[in-house]
Amino acid sequence: MKKGFTLLELLVVIIVIAILSSVAVMYYGRFIERMRIAEADTVIGSAVLSQERVFIKFQRYTPYWHQLDSGPIAVRTPKADNDFANGKENTIFYTRGGMRSGTPNKGFAISFEQDATGRWFAVARRVGDSDYSYRIVRPFDDTQSVCVPDWANEKDLAICVDYMGVEHVTELSPDPMVPQIEGN
């Protein structure tokens, strides 16, 4: 008597493997995105601390990465052909490089920005991937970074809910760069 698998048994095994693979790919993608956020948030935290030291020394903040006492090695010296910065001034740091080629790699473009009131922020914009368009924003006068999604993008909403540790999109923090009206 020959022992083996029937065609039906093989099909069931293949279907189960396909389902498990698709779930694993979905979770792997989210894991990779969380790692990119963690990298950007670490860079932002280090840059904000360095900005505080610049403020103590010069009584002002700087929009230039190469003027910070600690920051990514790639932007410590301004270089016109630096793949991780935006030219001679280095006002933007790209976590995965890519601007020399014209299209940034999947990562973040991190810059320092002021709002209309003069408040400073470190802003990491997601670049190089059409699936995501959210931002990570951290005011210099705060210790909390905020994930600001494109509200029309389901993947942005999902990753921001995950990153901020909330249950629903209605619990996401508002954009700290937009002044909030009292009572709302």
Side-chain angles (χ1 to χ4, degrees), residues 15-52 63 65 68 70-75 83-86 91-99 101 103-115 119-184:
I15 290 171
V16 168
I17 289 173
I19 291 171
L20 290 175
S21 296
S22 66
V23 170
V25 166
M26 181 181 71
Y27 282 110
Y28 177 74
R30 187 169 283 183
F31 171 77
I32 293 299
E33 195 61 28
R34 284 297 308 260
M35 296 307 296
R36 287 188 177 117
I37 291 174
E39 176 188 21
D41 205 17
T42 300
V43 171
I44 286 173
S46 175
V48 168
L49 289 174
S50 188
Q51 285 279 13
E52 291 302 324
W65 280 91
L68 300 178
S70 70
I73 293 172
V75 289
D83 197 35
F84 286 87
N86 65 324
T91 56
I92 299 174
F93 168 63
Y94 293 92
T95 59
R96 297 280 178 213
M99 281 320 294
S101 63
T103 303
N105 295 324
K106 292 181 181 183
F108 287 89
I110 305 174
S111 60
F112 306 117
E113 301 176 19
Q114 268 185 297
D115 66 6
R119 190 174 179 205
W120 281 83
F121 301 87
V123 180
R125 286 180 172 72
R126 186 67 170 81
V127 295
D129 187 345
S130 61
D131 289 342
Y132 295 103
S133 55
Y134 63 91
R135 297 176 292 132
I136 303 296
V137 178
R138 180 170 170 187
F140 284 10
D141 59 358
D142 199 347
T143 59
Q144 178 69 37
S145 295
V146 176
C147 186
V148 180
D150 172 354
W151 289 90
N153 184 334
E154 290 293 323
K155 287 189 173 188
D156 276 9
L157 295 173
I159 201 69
C160 284
V161 164
D162 186 37
Y163 174 72
M164 297 303 294
V166 296
E167 296 288 324
H168 193 266
V169 295
T170 58
E171 299 174 68
L172 288 173
S173 301
D175 186 345
M177 294 182 76
V178 176
Q180 302 300 308
I181 300 171
E182 293 293 321
N184 285 350

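Side chains included, hydrogens not; waters and symmetry mates left out as well; all remaining heavy atoms used.
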Exercise. Begin from the C-alpha positions of Arg125 and Glu113 and carry the test salt bridge (charged side-chain N to carboxylate O under 4.0 Å, His left out) through to its verdict.
Key: CA-CA 12 Å; Arg125 286 180 172 72; Glu113 301 176 19; 2.6 Å; yes
Exercise. Take Arg138 and Asp41 through the test salt bridge (charged side-chain N to carboxylate O under 4.0 Å, His left out) and record every step on the way to the result.
Key: CA-CA 9 Å; Arg138 180 170 170 187; Asp41 205 17; 5.3 Å; no
Quiz item: Val123 and Met177: side chain to side chain contact (heavy atoms under 4.5 Å, CB included), yes or no, with the steps?
Solution: CA-CA 10 Å; Val123 180; Met177 294 182 76; 3.6 Å; yes
Where is the tightest heavy-atom contact between [X] and [Y], given as atom of each residue plus distance?
{"X": "Ser173", "Y": "Met164", "result": "OG-CE, 4.1 Å"}
{"X": "Cys147", "Y": "Tyr163", "result": "CB-CD2, 3.7 Å"}
{"X": "Ala158", "Y": "Arg30", "result": "CB-NH2, 3.3 Å"}
{"X": "Asn153", "Y": "Ser133", "result": "ND2-OG, 3.8 Å"}
{"X": "Tyr134", "Y": "Cys160", "result": "CB-SG, 4.0 Å"}
{"X": "Phe140", "Y": "Glu52", "result": "O-OE2, 3.5 Å"}

Exercise. Could you please spell out the steps behind the side chain to side chain contact (heavy atoms under 4.5 Å, CB included) verdict for Val146 and Asp175?
Key: CA-CA 7 Å; Val146 176; Asp175 186 345; over 6 Å; no
Separation of [Y] [atom2] from [X] [atom1] (nearest 0.5 Å):
{"X": "Ile37", "Y": "Asp162", "atom1": "CD1", "atom2": "CG", "result": "7.5 Å"}
{"X": "Ile136", "Y": "Ile44", "atom1": "CD1", "atom2": "CD1", "result": "6.5 Å"}
{"X": "Asp141", "Y": "Phe121", "atom1": "CG", "atom2": "CZ", "result": "7.5 Å"}

Under 3.5 Å donor-acceptor, [X] side chain and [Y] backbone:
{"X": "Ser21", "Y": "Ile17", "answer": "yes"}
{"X": "Thr42", "Y": "Ala38", "answer": "yes"}
{"X": "Asp156", "Y": "Asp150", "answer": "yes"}
{"X": "Ser22", "Y": "Ile19", "answer": "yes"}

Exercise. Apply the test side chain to side chain contact (heavy atoms under 4.5 Å, CB included) to residues Glu167 and Val161: give CA-CA distance (whole Å), side-chain angles for both, the deciding distance (0.1 Å), then the verdict.
Key: CA-CA 7 Å; Glu167 296 288 324; Val161 164; over 6 Å; no
Quick one: does [X]'s side chain get under 4.5 Å of [Y]'s, heavy atoms only?
{"X": "Asp142", "Y": "Pro176", "result": "no"}
{"X": "Phe108", "Y": "Arg126", "result": "yes"}
{"X": "Ile73", "Y": "Phe84", "result": "no"}
{"X": "Thr95", "Y": "Arg36", "result": "no"}
{"X": "Lys106", "Y": "Glu33", "result": "no"}

Quiz item: Stepwise, does the side chain to side chain contact (heavy atoms under 4.5 Å, CB included) test hold for Ile92 with Ser111?
Solution: CA-CA 5 Å; Ile92 299 174; Ser111 60; 4.1 Å; yes
Practice problem: Apply the ring pair (Phe, Tyr, Trp, His ring centres under 6.0 Å) test between Phe112 and each candidate in Phe93, Trp120, Trp65; give the one that qualifies. | Solution: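 With Phe112 as partner, Phe93, Trp120, Trp65 yield a single ring pair (Phe, Tyr, Trp, His ring centres under 6.0 Å), made by Trp65.
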